[in-house]
Structure formats: structure tokens, C-alpha cells
Amino acid sequence: MRSAPIVATALAAVLAAAAVTGMTARSDPPPEGVAGAASASVLSERAAARDRLLEREPGLAQAQAEWGRDFYFTRAIYSGSRGWWGGRGRGTWATDFPKADRQFLFILHRLLTMLDLHEWENPVSLADPELRRFPFLYMLEVGYMNLSEAEIEGLRGYLEAGGFLVVDDFWGEEEWYNFEYHMSRILPGRRIEPIPPDHPIFHQFYDIDDILTVPSINNAARGRYEECWGPCTPTVRGIFNDRRELMVVINHNTDLGDAWEWSENPYYPIDRSTYAYELAINYIIYGLSH
């Protein structure tokens, strides 16, 4: 493991220079042409939807107010649901939200003290042009996603502009097939490939030698880690750009978000919560430096 102050200094420099093609810092004006890309009524509808979300989750008002921070932990809002339980009625995008995001940011803030991290969650719709302002994006429960054309185009544009996507918390073959189908529409022609153990993403800050199953809190309390029947091996796969840099990291048959959300719970296995934090920090450093 590398020294936290050294890595914090390096990552601060990376963030300062992370002007990804087609992206801007949140404190900058909207990219030229964005406002004209949608009608006034569409923009008004988007603003109203975001305000309704802020009313339901008061903590989000902080994200709206504090523009210009170095790093935002951005969660993708997308269409798709598995009933009220998935995301507590808000759709599966909101699974573990907002507690998982806040606890992860709390740890990240303590570790990387030299970075100007936004301490609050930052959910953004895949169809929102503002998405391009945030180089790191987290998306989970994708086995239930049912993306609209606007969301598909939004995520494609984000990734082609240099955005970095981390996918988490989906299990089994059926959910995999749904995710694979959507990715074939988002990035047609780009293959999903295994990420080899010696890839730099596993050694950015922490050395990750083994891919572990990270369980939900309910399964962990019962001593069962897997959420699927039959083969349930945890994997980390990816989609690469033309320079062989990762655009998308896919965590299948595992649940990093639940480990962040319940890491303080005495019934949650500490080796899995530690692993989930370490892996995510590696992802952030890699995503913002490539």
C-alpha cells in the first residue's frame, strides 16, 4: 500500500489537470451548445424533476449549492425498477442511496485530506447534459435497467467524451444479459473483456490480488455471500477505448455499495468492507488519471 499523503498529492494534481475532452468543471459555464440542444420546456422539466428530488432528499441541496469542488461522487439516475423495494420506490438507481454514498465519501475525505472533495452525494440523470461535468460515474443494479433512447445517447456521449463508469451490484446470468444488451446499444462494437489481475487498476493505491464476493448486509448476517443460484463467481470485467484504457469497469456477482453502506455494522464482515473501499479508491484514482 502506498503512502496516503503522497497519493493524495498526486491525485490532487491529476484532478487539477483532468480536463477530459468534452467535459468541464462544475464551476464552468455549460458546454457551448448544450442549452440549445433541448427546448425550453424540456430544460424546465429537467429542472423541476431535480428540484423534486432535492425536496425528497434534503442533503442533495448541498450538491446543488457547492459548485466548483475538485471531485464529486456522482451516481447515475436511470430508468428501471424491480418494484418498491428496489431503491425504496425511486427506481433501482437509488439502491443503498444516500447512505452508501455518504459513508464512502466520509472515508475518502479522511484518507485523501488534501483533496477538495464534495462531501455529499451527487445523483445525475444519464439524459442530463450536466453529466459530462463529472469524470467519475457510479451505476448499480443494472440488471433491472430499462434505458430510454435519451439515456442511451447521454451515456454514450459521456463515455466517448472520456467519462469513466463503474458498474456494481448485479447478480446472475439473467441480470448480466440485460446489462450486456444495453451496453451493446450504448457502445456498439466494443467488447466486454476480463481485466487481467496485473492490470494497473488493481494496483493504483492498494494491491488487489483476489476478486472477492462482497455480500449484502442481509446475506452477510446469515453467513451467505452469494445472491444468485448456480454459478456465482465474482468477476471484474471492462470495456476499453481505442488506446486500451478502461472506459467501463463492471463488478458482477458482488455488491460494493452495501459494504460501504453497512461497514459500521458489527454483523458485516470487515474483510469485505475493507476490500470494497480499497477497490473503489483504486477505481477513482485510475478513472481520473487516464
Side-chain angles (χ1 to χ4, degrees), residues 1-11 14 71 73 96 100 103-108 110-112 115 136-140 142 164-173 175-176 179 191-217 219-220 223-228 230-241 243-290:
M1 187 181 74
R2 295 158 179 80
S3 166
I6 293 174
V7 173
T9 304
L11 186 51
V14 167
F71 176 74
F73 184 82
D96 306 329
Q103 295 212 154
F104 177 72
L105 283 165
F106 177 76
I107 296 298
L108 191 64
R110 293 185 65 184
L111 177 64
L112 303 178
L115 291 180
F136 180 90
L137 183 64
Y138 175 70
M139 189 172 179
L140 80 170
V142 294
F164 183 71
L165 172 65
V166 172
V167 178
D168 180 33
D169 191 11
F170 68 121
W171 302 77
E173 293 185 356
E175 293 186 25
W176 174 266
F179 169 73
R191 296 184 300 115
I192 297 175
E193 308 175 37
I195 303 176
D198 60 349
H199 191 279
I201 200 166
F202 296 124
H203 307 282
Q204 292 290 299
F205 188 0
Y206 298 99
D207 289 319
I208 305 295
D209 298 318
D210 299 302
I211 303 303
L212 306 179
T213 300
V214 180
S216 69
I217 180 63
N219 283 337
R224 173 185 169 86
Y225 283 10
E226 296 83 5
E227 289 188 21
C228 47
C232 205
T233 303
T235 62
V236 180
R237 287 175 266 193
I239 299 176
F240 293 81
N241 63 20
R243 298 184 300 275
R244 296 299 297 171
E245 296 169 337
L246 281 163
M247 309 167 69
V248 183
V249 173
I250 306 153
N251 301 274
H252 184 227
N253 292 334
T254 197
D255 188 353
L256 304 181
D258 239 47
W260 307 335
E261 182 181 13
W262 299 105
S263 55
E264 86 289 358
N265 190 301
Y267 292 101
Y268 198 89
I270 191 170
D271 63 322
R272 304 307 162 108
S273 60
T274 300
Y275 166 83
Y277 279 107
E278 291 178 349
L279 192 59
I281 289 169
N282 278 6
Y283 289 165
I284 290 173
I285 295 173
Y286 179 90
L288 297 177
S289 59
H290 290 76

Query raised in the report: If you count the non-hydrogen atoms of other residues, nucleotides and ligands that lie under 6.0 Å from CZ in Arg191, is the total more than 12?
Result: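 No, not enclosed.
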Query raised in the report: Is it true that atom CD of Glu193 has more than 12 heavy atoms of other residues, nucleotides or ligands lying nearer than 6.0 Å?
Result: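 Counting neighbours around CD of Glu193, more than 12 heavy atoms of other residues, nucleotides or ligands fall under 6.0 Å, so yes.
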Query - Asn253/Thr235 under side chain to side chain contact (heavy atoms under 4.5 Å, CB included): CA gap, chis, key distance, verdict - result: CA-CA 7 Å; Asn253 292 334; Thr235 62; 5.6 Å; no
Any chance you could measure [X], atom [atom1], to [Y], atom [atom2], to the nearest 0.5 Å?
| X | Y | atom1 | atom2 | result |
| --- | --- | --- | --- | --- |
| Leu212 | Tyr275 | CG | OH | 5.0 Å |
| Gln204 | Glu278 | CD | CD | 14.0 Å |
| Arg237 | Trp176 | CZ | CH2 | 3.5 Å |
| Asp255 | Leu140 | CG | CG | 7.5 Å |

Any heavy-atom pair between the side chains of [Y] and [X] that's under 4.5 Å?
| X | Y | result |
| --- | --- | --- |
| Thr213 | Trp171 | yes |
| Ile192 | Phe179 | yes |
| Phe164 | Ile284 | no |

Query raised in the report: Side-chain donor-acceptor pair under 3.5 Å between Asp168 and Tyr283, yes or no?
Result: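 On atom types as modelled, these side chains do not qualify, holding no pair under 3.5 Å.
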Query raised in the report: Can you tell which of Asn241, Val166, Ile239, Ile195 makes a side chain to side chain contact (heavy atoms under 4.5 Å, CB included) with Leu246?
Result: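 Of Asn241, Val166, Ile239, Ile195, side chain to side chain contact (heavy atoms under 4.5 Å, CB included) with Leu246 is met by Ile195 alone.
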Query - Positive for ring pair (Phe, Tyr, Trp, His ring centres under 6.0 Å) with Phe104, one of Phe136, Phe73, Trp262 - result: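 Result: among Phe136, Phe73, Trp262, Phe73 is the only option passing the ring pair (Phe, Tyr, Trp, His ring centres under 6.0 Å) with Phe104.
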